[in-house]
Amino acid sequence: MTAPESAARRLPYVMAVNEAITQLMREDPAVFLAGEDVALYGSVFGISRNLLAEFGPERVVDTPIAEAGIMGLGIGAAATGLRPIIDIMFMDFMTVCMDQLVNQAAKMKYMFGGKARLPLTIHTMAGGGRSMAAQHSQSLEAWFCHVPGLKVVMPSGAYEAKGLMVAAVRDDNPVIVVNQKALLGASAPVPEDLYEIPLGVANIVRPGSNFTIVALGAMVPEALKAAETLAEDGLDVEVIDPRTLQPFDTGTVVASVRKTHRALVAHEAVRFGGLGAEIAAQIQEEAFDHLDAPVGRVGAPFSPVPFSPVLESHYVPTAETIVTEVRRLLGRQA
Amino acid sequence: MTAPESAARRLPYVMAVNEAITQLMREDPAVFLAGEDVALYGSVFGISRNLLAEFGPERVVDTPIAEAGIMGLGIGAAATGLRPIIDIMFMDFMTVCMDQLVNQAAKMKYMFGGKARLPLTIHTMAGGGRSMAAQHSQSLEAWFCHVPGLKVVMPSGAYEAKGLMVAAVRDDNPVIVVNQKALLGASAPVPEDLYEIPLGVANIVRPGSNFTIVALGAMVPEALKAAETLAEDGLDVEVIDPRTLQPFDTGTVVASVRKTHRALVAHEAVRFGGLGAEIAAQIQEEAFDHLDAPVGRVGAPFSPVPFSPVLESHYVPTAETIVTEVRRLLGRQA
Amino acid sequence: MGEPHAYGGASAPASDWGDDRMTEITREMLLDLHQRMVRIRIFEEEAGRLSEAGRIPGALHLYVGEEAVAAGVMAHLEAADQITSTHRGHGHLVAKGGDLRQMYAELFGREAGYCKGKGGSMHIADLDLGMLGANGIVGGGPPIAVGAAFSNKYRKTQNVSCCFFGDGASNEGTFHEAANIAALYRLPIVFVCENNGFGEFTRQDRHQAIQDVADRAGSYGMPGVIVDGMDVTAVYEAAGEAIARARRGEGPTLLECKTYRFFDHVGVRGMGMVYRTDDEVLQWKRRDPIATFEERLQEMGILAADQAAAIHERVLFEVREAIAFAENSPPPDPSVLLEDVYTLAAGGGR
Amino acid sequence: MGEPHAYGGASAPASDWGDDRMTEITREMLLDLHQRMVRIRIFEEEAGRLSEAGRIPGALHLYVGEEAVAAGVMAHLEAADQITSTHRGHGHLVAKGGDLRQMYAELFGREAGYCKGKGGSMHIADLDLGMLGANGIVGGGPPIAVGAAFSNKYRKTQNVSCCFFGDGASNEGTFHEAANIAALYRLPIVFVCENNGFGEFTRQDRHQAIQDVADRAGSYGMPGVIVDGMDVTAVYEAAGEAIARARRGEGPTLLECKTYRFFDHVGVRGMGMVYRTDDEVLQWKRRDPIATFEERLQEMGILAADQAAAIHERVLFEVREAIAFAENSPPPDPSVLLEDVYTLAAGGGR
Ligand SMILES: Cc1ncc(C[n+]2csc(CCOP(=O)(O)OP(=O)(O)O)c2C)c(N)n1
Ligand SMILES: Cc1ncc(C[n+]2csc(CCOP(=O)(O)OP(=O)(O)O)c2C)c(N)n1
Ligand SMILES: [Mg+2]
Ligand SMILES: [Mg+2]
């Protein structure tokens with residue numbers, strides 16, 4: 001399930017997404033991409049570069065700035081036999097199309113007694129680290145995980161980005177693909193074929209025996225770094241990448257904690273009410289008797305994302321934040 | 001802090017809200033109410049009955065059906081010296097004005113370096129129980145609690161409805177008042193004067209010694225009923241009504257659990273990713289060594305709200321759901 | 001009929017053109033239109049009674065008074081043509097050929113209902129008939145209708161989608177976004193505004209500073225047409241032209257139908273309301289789309305009074321039969337509560 | 001100037017009226033307009049250089065080329081008149097009298113900045129000057145501007161609010177909702193569309209099927225006016241009329257200013273772009289609002305070439321001084337990270 005280390009070809013994250021979309025569009029004529037500046041310009045993040053040239057304007061569609069309209073376009077198209085990929089440039093802009101996503105896309109199948117099928121992929125970009133401030137840096141995945149009918153994936157690197165994108169587009173439900181700006185340039189070995197990473201299955205990125213870190217998206221590389229540091233403390237950290245946030249692979253996480261007895265969840269979103277709360281709550285529910293310490297949580301502090309790099313660097317969690325919190329948790333035990 | 005049992009006058013919830021708004025508007029000419037059908041019709045829930053007659057169309061304002069526009073109207077008015085109450089008929093309709101609420105209202109002060117003051121109250125109606133189906137029954141408070149800059153209150157009865165409304169309108173921040181349809185007809189003693197229930201302070205509704213139930217809004221009366229039943233099992237349940245969900249009164253809850261050693265959180269929202277996750281996570285963080293059992297959570301199952309009364313009655317949690325879950329938690333201990 | 005005007009102003013109500021246009025419509029079609037309207041009327045009246053009697057749960061938004069709109073539009077559509085509907089959606093589904101038993105069973109919240117009892121009145125839908133759902137969110141439909149139209153064009157079908165929405169909904173941002181996208185891509189779609197003069201309890205002149213929603217068409221570069229929504233043949237002709245235009249690939253039209261709801265926003269009361277006078281209601285009732293049409297059909301010798309009465313009776317019988325079926329059918333089993341949230345994987349490999 | 005037309009069509013560009021109208025504008029005002037434009041231009045060019053050099057973090061959306069719009073509108077406003085701005089907001093704040101030091105300090109993310117470094121370019125604001133904020137959300141401003149206008153009316157002031165938004169933003173639902181509400185309540189507001197022909201990298205004819213955003217005015221029952229946004233006196237006169245109308249309590253106007261951005265959507269590149277030809281850019285640069293205005297001022301004997309040069313130099317000096325101040329000022333202390341999220345209670349009792 002993890003990228004073969006031996007794979008010769010490395011790709012940056014953004015190109016992995018690009019390749020996934022390209023191959024998916026070659027595979028299935030029902031797949032199309034629509035969003036702001038995805039065609040002529042190839043998207044402000046470059047994820048759709050060259051697509052217009054290969055597939056033409058019918059299948060790579062520049063839209064007006066009208067996110068609710070675009071999301072509805074995807075819903076109506078998905079409900080009538082197509083397999084749309086809708087690009088919402090920044091996750092912050094989901095706020096202008098929440099009804100279409102939450103009240104329409106997520107609920108259509110249920111409200112209609114099961115008779116709808118909605119193979120809709122929403123592709124967006126979350127997170128901070130680029131001094132883009134409060135309205136272009138949010139991590140809102142917890143909202144969507146709280147909505148029955150939606151699926152949510154959050155890749156932690158280029159390999160995951162491609163494989164999860166493929167799974168998302170092939171899935172017959174609305175799936176939100178949450179990319180993070182911090183990962184866009186990160187390269188990893190990425191197979192050239194159209195592989196799929198199954199939804200709902202977590203990945204043990206680093207096996208360990210006496211501490212579990214569940215890390216979301218861009219926090220996975222940070223957690224791996226933290227694990228190195230913590231090894232010096234004598235901790236053997238297991239790092240789990242859930243990959244899919246909804247449905248969440250509780251089983252893998254709980255099994256790990258039953259083994260390690262201590263756990264921490266790390267994400268870039270605001271800590272209060274973030275997905276870490278749900279994961280921590282589940283761990284203590286399912287592994288209560290195995291826990292030697294409270295389940296820790298690392299997330300952003302309770303403020304909007306600040307602009308100034310000085311402030312933002314204190315805002316977005318890093319490997320050091322994780323290390324500090326793990327040490328605090330363990331110190332507490334003493 | 002709790003309504004005097006001796007208070008002669010009982011008011012239904014909806015009238016308590018009405019009285020709060022009326023008295024606030026009498027007190028402060030900067031307060032106005034705007035929303036769909038709040039003036040001539042007095043709101044579809046009756047919360048603004050008679051206001052038009054007393055205050056005229058300048059201060060009781062019927063709006064077009066345009067929630068983002070209305071919310072922005074409130075924001076612009078609040079930022080320029082007024083104290084708006086914006087009525088969003090059903091909480092489900094917040095989805096069409098999330099940007100204004102989350103990106104604008106919540107962040108304006110911070111983004112502007114503290115130089116804005118936004119005394120904005122958003123009044124809305126959540127919850128199920130009336131066969132209004134998936135788009136008129138949601139409980140989305142967890143979303144808003146995850147957004148720094150917003151405050152969220154959730155009254156559990158008529159007394160709280162008035163006192164929290166007063167505090168919300170007098171507060172200089174955007175405050176969302178989440179009412180629930182299930183409570184609208186419930187009466188309680190409500191003082192006639194313009195009293196305020198402070199934000200951020202939980203209320204111990206029923207003291208108890210060996211189990212803590214944290215119940216949100218309409219789950220408070222259900223928890224009280226559950227406590228009666230559980231008393232027969234020999235449990236002495238403490239019921240806590242947080243009243244304000246953001247900022248959350250962690251101290252009161254944690255102190256209780258340190259005393260009782262066992263806890264459960266109950267809300268009407270979907271369990272996965274609901275505020276119960278955050279509360280449970282906090283409890284295990286702050287009272288880990290005091291816990292004799294995992295913190296339980298009661299919430300709606302993972303589906304949209306169904307229409308059919310048969311299904312909905314299995315969907316919305318009740319006293320029985322709480323009792324069952326408490327017993328399951330305790331059985332687990334054995 | 002008159003030319004739909006482009007960009008701004010709006011043409012005269014189609015019903016001013018006089019009755020001679022009815023000769024262009026075949027006898028069969030006239031009877032079809034009549035039948036569609038009667039089916040809606042009786043469906044709604046009976047549903048209203050059941051609701052008032054507490055036999056149907058939830059809120060019903062009834063279509064009585066507006067039947068000519070659904071009938072006149074839907075007569076041009078086949079099952080592969082999609083519509084999006086509103087909270088006031090029964091009429092649209094009846095007119096599109098919805099099965100009355102499944103509809104009533106849904107209103108009752110029964111397993112045999114269109115949505116297995118999970119949707120109810122506000123979410124009634126039949127995707128096989130191209131009815132993409134009633135909608136509890138005002139303005140929720142237009143973007144979805146645009147998506148269906150996009151799909152029709154993408155798949156190179158000749159199908160159109162029709163988007164029903166109210167005067168109140170025309171103030172929601174989603175209408176604006178959808179209309180702009182539809183015009184930009186010249187999508188095969190007709191925006192059918194059912195202007196009944198009110199958004200809930202707020203009169204049109206208290207929710208927008210314009211008199212004709214059709215005036216908004218020019219904002220998007222599409223023609224706007226106004227038609228008398230109490231006159232089924234006028235709606236039929238105007239809709240026919242707009243739909244034909246869409247099928248020809250010439251893009252969207254905004255068709256405003258001036259109509260009125262005889263009942264209250266919710267339920268069956270209609271008189272003694274704070275937001276409108278009884279006199280106004282009576283004025284509009286004099287223009288009842290069914291009664292006036294029956295008079296005309298009678299004059300034309302197409303449908304005698306007793307024949308019309310027989311149709312009403314037959315429909316009433318059918319409706320009552322559907323109600324009996326629905327009310328006697330079992331509620332969903334609680335065990336299905338968590339079914340239908342997701343489409344499960346089609347199995348192995350993929 | 002010509003009558004603003006109501007409901008639909010749009011009047012001829014104001015700049016067609018010939019130059020004689022400039023005689024109506026006082027010499028002081030002409031110089032004021034010039035000065036406002038030069039300040040914006042130099043502020044932006046220097047900011048762009050700093051950004052390209054990596055000395056300013058984040059993304060800058062520069063206003064160069066569009067100066068006549070901000071200058072022509074803002075010359076009519078006092079501090080108590082509010083504006084809402086966009087992601088391209090520096091020019092608006094400069095024109096409204098913003099303090100250059102605090103502006104640059106904010107771009108640098110410093111404590112002395114307008115927002116203490118918490119907002120940056122996209123959220124630069126000065127509530128004391130009635131500048132309710134640049135905005136990172138396209139379409140985020142119009143509803144807020146409506147709220148300010150509502151407040152002005154409610155408080156019975158004579159103040160107006162001006163809402164700046166782009167051609168791209170005119171497709172967002174929030175614009176529609178805001179415009180409808182403003183017209184309905186006859187609020188004292190002017191919707192100033194800065195139509196620079198593109199939403200990001202998408203040309204107007206690829207994002208809407210209309211040529212004039214002003215055509216949308218009729219949709220709401222407000223007048224729409226088109227003005228040459230490269231001609232500061234034309235903007236000044238048209239804005240003056242719209243603002244006066246608003247102050248008289250006659251309601252909103254949609255004022256479309258046809259303009260062009262000389263730089264790329266973000267940053268200072270402008271030529272060699274995939275979405276526009278260099279030739280087009282050069283055509284527009286020939287109509288540079290500052291250069292052409294200086295020519296006219298010179299012809300009128302109001303401002304000689306060397307005087308103009310002196311003004312540029314003075315402003316450049318001021319700007320460089322502000323930059324030096326900003327760059328040398330300290331960043332915020334990390335300890336303030338959690339400050340300013342909420343307004344704390346004003347103390348006891350209440
Ligand atoms: C987003 C949203 N806002 C408000 C409502 C409440 N609501 C339901 S129907 C209605 C009136 C709709 O008016 P119109 O579009 O004219 O349709 P009509 O009821 O007249 O058929 C309102 C405000 C809603 N369902 N959704
Ligand atoms: C809701 C939203 N969607 C998309 C964007 C990304 N974006 C930023 S500026 C811009 C173009 C805006 O075009 P226009 O309104 O014409 O203003 P201009 O940049 O031309 O001044 C876009 C799409 C955004 N910031 N907010
Ligand atoms: Mg209506
Ligand atoms: Mg533009």
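Just so it is clear: chains get the letters A, B, ... in the order the sequence lines come, proteins before strands, and each one is counted from 1.
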Between B:Asp37 and C:Gly199, which heavy-atom pair has the shortest distance, and what is it? OD2-O, 3.9 Å
Least distance between heavy atoms, B:Met132 atom then C:Met122 atom: O-CE, 3.8 Å
With only heavy atoms counted, which part of B:Phe302 is less than 4.5 Å from chain C, the side chain, the backbone, both or neither? both
Best-contacting candidate, C:Phe201, C:Tyr342, C:Tyr275, against chain B by heavy atom pairs under 4.5 angstrom: C:Phe201
Return the minimal non-hydrogen interatomic distance between B:Ser308 and C:Gly109, and the atom names on each side. OG-O, 2.9 Å
Only pairs of heavy atoms separated by less than 4.5 Å count here; which of B:Ser313, B:Ser303, B:Gly69 has the most with chain C? B:Ser303
Residues, nucleotides or ligands: over 12 heavy atoms within 6.0 Å of C:Gln211 CD: no
Do you know which two heavy atoms are closest between C:Val274 and B:Tyr41, and how far apart they sit? CG1-CD1, 4.1 Å
Go through the atoms of B:Glu312 and report whether side chain, backbone, both or neither lie under 4.5 Å from a heavy atom of chain C. neither
How long is the span from the CD atom in C:Glu339 to the CG atom in B:Leu311, to the nearest 0.5 Å? 10.0 Å
First locate atom CD of C:Glu200, then atom CE of B:Met89, and finally report the distance between them rounded to the nearest 0.5 Å. 4.0 Å
Proximal component of C:Leu107, with respect to chain B [non-hydrogen, under 4.5 Å]: backbone
Considering all heavy atoms of both residues, which atom of B:Ala66 and which atom of C:Asn171 are nearest to each other, and what is their separation? CB-O, 3.6 Å
Side chain, backbone, both or neither of C:Asn135 within contact of chain B (heavy atoms, under 4.5 Å): both
At a 4.5 Å cut-off on heavy atoms, which part of B:His314 comes close to chain C: side chain, backbone, both, or neither? both
Which atoms form the tightest heavy-atom contact between C:Gly119 and B:Ala133, and what is the distance? O-CB, 3.5 Å
Max heavy-atom pair count under 4.5 Å with chain B, selected residue of C:Pro334, C:Pro331, C:Ser170: C:Pro334
Hey, which of C:Lys116, C:Glu172, C:His207 has the most heavy atom pairs under 4.5 Å with chain B? C:Glu172
Tell me which of these, C:Asp340, C:Leu337, C:Val341, has more heavy-atom pairs under 4.5 Å with chain B than the rest. C:Leu337
